[in-house]
Amino acid sequence: MSTEEVKETASVLSVHDDSIKVTEVLKEGDTLTFIIVSQKLSGTGEYHVDRTYEDFEWLQQHLFSQGDVPGIQGVIFPPLPAKPQVNASPRSIKQLGFLALGECQPYCKALETFLQQVAAHSILSKNKAVEVFLTSSDPPGRQKVKKNIFNRLSQAVEEMRKEGHKDVDEFFQNERDHNLILTGCTKTAAEKFLDVVATEQKIAVACGHFSTALHLCVEPGEDPDKQAFSRVCVKLSEVFESIKKNMTSVAENNVNTLGLGLDLESRYQEAEREMLFRRTCKLVELENAQRNVEKAKPVKKAAMEEVKKAAETEFEHTSGVAKQEIARFQGARVEMLQQALVGWCEKQLLTAKESADQFNQHLEVFRGMA
Amino acid sequence: MADTARDAPPEQTDFHELEDGEELFPEPATTQESQPASLAAEDISTNSNGPKQDSLFDDDPEDLFAEATEEVSLDSPERDVLLSDGPSPAITPITPPTSVITPRIGHTHDDMFTHSSFDEIEEEEGGDSFDIHISVSDPEKVGDGMNAYMAYKVTTKTSMSLFKRNEFAVKRRFSDFLGLHSKLASKYLHIGYIVPPAPEKSIVGMTKVKVGKEDQSSNEFVEKRRSALERYLMRTVKHPILLKDPDVLQFLESSELPRAVSTQALSSAGLLRMVNKAADAVNKMTIKMNESDAWFEEKQQHFENLDVQLRKLHTSVESLVCHRKELSVNTAQFAKSAAMLGNSEDHTALSRALSQLAEVEEKIDQLHQDQANADFYLFSELLGDYVRLLTAVKGVFDHRMKTWQKWQDSQMLLQKKREAEAKLQFTNKPDKLQQAKDEIKELEGKVQQGERDFEQISKTIRKEVSRFEKERVKDFKTIIIKYLESLVQTQQQLILELVLEKLV
């Protein structure tokens, strides 16, 4: 995920990975189209492309199906956010979590992060599909990609049993154990934080209602008492508009900093988990192959030996790439979370100061009211 | 209800104990003494104008302590408990409730109920600026099981000459408050005064307390009630007439209070029922009051509208309070999950940062709770109070109609009697004729009184409404200022927490 590697080696990708932006989303009926802008490496301008979610899936499929790249199974694939829906069902909203909130900002940001991380990845960025996706003015082919060798983790029971298979390498066993714990904790934290934001939004709405109801209390008339009460109602209505604004900002800040951070972390932990699982599967394959060699009748022994060697090589490549990926991942996620926390703190501080000022102003108005 | 039970104007004795050496017609500024009053012998007279309101008040001027002993011997277990409860040092020793009629009222006491005397009270009020603060505190459970009750400490701080001391406290229970309201309502509602309603009874809430459930909801209930009682008393004493009522003074000052017997006493729900009954009675007569005064019609409409608006606002605020409480719960849960995440995290700096996040979120949770309380206790209760107050306002308007009705009835009866008398003129029944003439004379008096009553109540209501409207604006402003102050404070505390988080 560091950009240096991309720039050092000759890469197929012709844009700056950190310049990739999802600038807007267009709604046509039920389809959502995302506008993606990226700066040319040559410095001669930028690419503008429009892509649907299906196009993103196309890209992901291509990345998954690079069976010929050695050790590809050890890659922690940048996670693609779940599919957005125009009239989202409650289940899909729940699945999207933070990304379903707000207009499209969080979701677009998540897509942007996905693309940036793919483009910055030393192995993945070399795939032609990435270049095509980011630069081709035509939509990438929607033809079915050959079945990819990656299976999602939501597998049959036997697959799940493999997940618990003891490792031969202490480093990896630790990483697997740790990942399991962190995945659970992160998911829970993200969910709870989402609840907080949802309630904040409810409060904002309730304040809006109260503010409107106050306006209904305004009575016309010359009566000084009536006028005094009407004034009070109008001013109080403004106060609650301020409270509403404050709550809305607080919720937005939460989403855009910590919310996105927890969401990304959660999805990345899952991605690491999948990678570790793939490696474990390779380990199981290797151990099976070893057993087969031992058990094989002399006639078959050579063939089995070949199979075992192939499995060994693949496992080593996978483990090698995995180790690199893990190191990079750990560094990146810590930095990402720290930035999210700092960003959260700064944004909330700013909002709190602004609100304190506003509330103070209202207070002065009321104190000054005869 | 007192209203229907008596025809004669209710008893009104305005008690004011004279201090040592105080003159009969004192200057407005008087000093506060803290010893029990001794009474100038020459001015003792009791007002007996119709049926006694409270049988406990003895006529006998010599034995001024008769009532005191009587009260004490009203021996009920609670009374013993109250006595042995260790009264706070601020509580005044048992003071005799009866005393001299204050000279301000004395010379007009025959006219006590031509309410012009109340006008005089109000006008003379100028000498003593309104300075009184009442707090209800220290809820204490007394007794056990279903006979248990909460005793509240009622502390009064004042510089007004109306009171013997500047600061004093008594212990009261909820039924005492209801009893006070019942007395005030029976005395003043039907002549047009807006008597603040007492807080609601709550069987569920109280049962929990009695049974000894020491959980958050029963604590909240007690706090809610305590706050409501405090607001109730403050509203009552803010009323210039009610403040001087002897029942009010006794309630605030007297360490012993006769147990309010009828605690199907007037809660505001009871009041509402009573008002509705009165309203029904008026409607049943199918006589449309000839509203010659557009002011009343307009005001009634205005209060109808206000009632609707306030109820809407109240619902709105309650929803807000609900969400805030939810936010507090969710924040606390998030804080826990963030702490867990911090614990699971290997990376030291990140782990520490996450743990700090958890701490900040816990503090934010506390702030949310405080804010929810502010929302509730300031706005929600204020709006609820006013919805209930409007019931009392409607009540006085209805009483005015009843008064008018009574007057009309007397007039019609008079008319009939006159016609009957005219007929009798031609018969040879001198004693019947005399009887008729007598009846007519009596009725003429009644008609006159009826008209006077109607005019008086109309006048009183006008004044009361004006006072109510002004109070309403003041009340709302005060609460809003308090609320804004709490908002500002919350934000500032939040800023502090965030700044600290940033520094570490």
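To find a chain, count down the sequence lines: A is the first, B the second, and so on, and within it residues start at 1. All values reported here derive from a predicted model rather than from experimental measurement.
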Which residue out of B:Q492, B:R324, B:M340, B:K336 racks up the most heavy-atom pairs below 4.5 Å with chain A? B:R324
Trace of the side-chain contact (heavy atoms from CB on, under 4.5 Å) decision for B:E497 with A:Q348: CA-CA 11 Å; B:E497 292 301 331; A:Q348 295 293 28; over 6 Å; no
Measure distances from A:D357 to the heavy atoms of chain B and classify the residue's part below 4.5 Å as side chain, backbone, both or neither. neither
B:E298 portion near chain A, given a 4.5 angstrom heavy-atom threshold: side chain
Cut-off 4.5 Å, heavy atoms of chain B, and the answer for A:V334 is both
Between the side chains of B:E297 and B:Q301, is a donor N or O closer than 3.5 angstrom to an acceptor N or O? no
Looking only at B:E345, B:H368, B:R472, B:E469, most heavy-atom pairs under 4.5 Å shared with chain A are made by B:R472
B:F468 vs B:F303 aromatic rings, parallel, tilted or perpendicular, using cut-offs 30° and 60°? perpendicular
Under 4.5 Å, counting heavy-atom pairs only, tell me which of A:L258, A:L214, A:L236 racks up the most with chain B. A:L236
Interface residue of largest heavy-atom contact number with chain A, from B:V317, B:L310, B:L313, B:L306, under 4.5 Å: B:L313
Determine the option with the most heavy-atom pairs under 4.5 angstrom with chain A, choosing from B:L354, B:V308, B:I495, B:V360. B:I495
Does the structure place the NZ or CZ of B:K299 under 6.0 Å from the centre of the six-membered ring of B:F397, at an angle of no more than 45° from the ring's axis? no
Ring centers of A:F366, B:Y483 separated by less than 6.0 Å: no
Under 4.0 Å between a Lys/Arg side-chain N and an Asp/Glu carboxylate O for B:K482 and B:E485? no
Side-chain donor-acceptor pair present, A:Y268, A:Q117, cut-off under 3.5 Å: yes
Applying a strict 4.5 Å limit to non-hydrogen atoms, the region of B:A349 in contact with chain A is both
A:F172 ring centre to A:R279 NZ or CZ under 6.0 Å, with the angle to the axis within 45°? yes
For B:D346, is it the side chain, the backbone, both or neither that has a heavy atom under 4.5 Å from a heavy atom of chain A? both
Using a 4.5 angstrom heavy-atom cutoff, name the option from A:E191, A:K235, A:Q330, A:K226 with the most pairs to chain B. A:K226
Which of the residues B:L494, B:L357, B:I480, B:L320 is involved in the greatest number of heavy-atom pairs with chain A at under 4.5 angstrom? B:I480
Would you mind telling me which of B:T490, B:T331, B:L487, B:N343 has the largest number of heavy-atom pairs within less than 4.5 Å of chain A? B:L487
salt_bridge(A:R267, A:E270) N-O dist < 4.0 Å: no
Evaluation steps, salt bridge (charged side-chain N to carboxylate O under 4.0 Å, His left out), between A:R328 and A:E325: CA-CA 5 Å; A:R328 188 159 44 188; A:E325 287 283 280; 2.3 Å; yes
Heavy-atom distance under 4.5 Å to chain B: side chain of A:L216, backbone, both or neither? both
With a 4.5 angstrom heavy-atom cut-off, is it the side chain or the backbone of A:L363 that approaches chain B, or both, or neither? both
